[in-house]
Amino acid sequence: MSSTSSRRRPGTQPAPDRDDLNLADAQLSTCRPAGLPSSARALYAVVDANGTLARGLGATSATRLATGMYQVIFDQDVTAGGYLGTIGLAGSAGVAPNGWLAVVGRTGIPNGVFVKTYAADGSAADRPFHLAVLA
């Protein structure tokens with residue numbers, strides 16, 4: 001069977017059994033506050049390969065620090081946030097270059113995130129990216 005034919009079929013999930021439903025119900029009703037506060041915001045930034053902030057929510061600036069190294073500054077402290085990034089173009093035309101990235105809080109800047117982008121072979125490379133922060 002070719003890989004294309006398997007992608008054309010819709011995926012299905014198995015139906016949850018009674019134990020799964022009971023466990024999910026029990027966890028929902030006994031949740032204790034943990035992690036981020038209820039006032040948490042979803043922030044994001046879309047950054048071009050040259051470090052230009054194309055758009056964002058709560059993002060105030062982006063800077064290319066060196067090849068494949070960027071910092072993104074937000075309008076609030078993000079040290080307790082969760083970070084998620086992906087290689088992606090700022091516009092809707094074209095295809096983003098192959099690659100991957102890593103994200104971490106910016107050392108010494110509580111409202112900053114450090115992003116390092118790589119080419120598919122693992123070498124540092126300038127890549128456009130999308131960054132989401134739940135803070």
Side-chain angles (χ1 to χ4, degrees):
M1 175 186 343
S2 77
S3 64
T4 20
S5 64
S6 65
R7 288 189 299 234
R8 289 184 195 146
R9 286 187 232 146
T12 59
Q13 295 183 17
D17 63 24
R18 175 64 53 200
D19 290 339
D20 293 331
L21 294 171
N22 290 337
L23 179 61
D25 286 344
Q27 291 172 341
L28 180 64
S29 63
T30 62
C31 285
R32 292 187 307 261
L36 297 171
S38 61
S39 61
R41 287 175 64 199
L43 310 170
Y44 77 89
V46 177
V47 179
D48 288 315
N50 65 6
T52 302
L53 178 64
R55 63 184 176 278
L57 176 64
T60 59
S61 69
T63 306
R64 180 184 172 274
L65 303 172
T67 301
M69 293 184 191
Y70 305 86
Q71 75 177 17
V72 179
I73 304 299
F74 291 93
D75 64 1
Q76 71 179 68
D77 186 324
V78 295
T79 54
Y83 317 119
L84 177 66
T86 188
I87 300 296
L89 298 176
S92 58
V95 176
N98 286 335
W100 54 281
L101 60 77
V103 297
V104 67
R106 181 76 167 110
T107 301
I109 304 176
N111 57 325
V113 177
F114 179 76
V115 177
K116 187 153 186 197
T117 59
Y118 301 88
D121 67 3
S123 62
D126 292 336
R127 294 288 189 260
F129 61 90
H130 294 222
L131 172 66
V133 178
L134 182 60

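One is the number of the first residue; the rest follow in order along the sequence. Predicted model, so just to flag it, every value in this text is computed and none were measured.
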If you round to the nearest 0.5 Å, how far is CG of L23 from CZ of R18? 13.0 Å
Taking every non-hydrogen atom, the tightest pair across L101 and Y118: CA-CD1, 4.3 Å
From R127 CZ over to W100 CH2, what is the distance, rounded to the nearest 0.5 angstrom? 12.0 Å
Judged by atom type as modelled, is there a donor-acceptor pair below 3.5 Å linking the side chain of R55 to the main-chain atoms of Y44? no
What's the spacing between I109 CD1 and T79 OG1 if we round to 0.5 Å? 12.5 Å
Is there a side-chain contact between M69 and F114 in this structure, where contact means two heavy atoms from C-beta onward sitting under 4.5 Å apart? yes
Nearest heavy-atom contact between A59 and V72 is CB-CG1, 4.5 Å
Between D126 and G68, what is the shortest heavy-atom contact and its length? OD1-N, 2.7 Å
Using the rule that Ile, Leu, Val, Met, Phe, Trp and Tyr join whenever any side-chain heavy atoms are under 4.5 Å apart, tell me whether Y83 and Y70 fall into a single cluster. yes
Testing the basics here: between G58 and L43, what is the closest heavy-atom pair and its distance to 0.1 Å? CA-CD2, 4.0 Å
Within this structure, what is the CZ-OG1 distance for the pair F74 and T60, rounded to the nearest 0.5 Å? 8.0 Å
Cluster overlap V46 with L57, hydrophobic side-chain contacts below 4.5 Å: yes
Which salt bridge (charged side-chain N to carboxylate O under 4.0 Å, His left out) pairs, counting each pair once, include a residue from residues 67-86, with sequence neighbours left out? R41-D75
What I'd like to find out is whether the side chain of L84 reaches to under 4.5 Å of the side chain of V103, using heavy atoms alone. no
Smallest heavy-atom separation, L89 atom then G94 atom, equals CD1-C, 3.6 Å
When rounded to the nearest 0.5 angstrom, what is the spacing between OG1 in T63 and CD in Q71? 5.0 Å
Quick one: pull up CG in L65 and NZ in K116 and give me the separation to the nearest 0.5 Å. 11.0 Å
A54 and D48 have their tightest heavy-atom pair at CB-OD2, 4.2 Å
Let me check something: do I87 and L53 share a hydrophobic cluster, defined by ILVMFWY side-chain heavy atoms less than 4.5 Å apart, either directly or through other members? yes
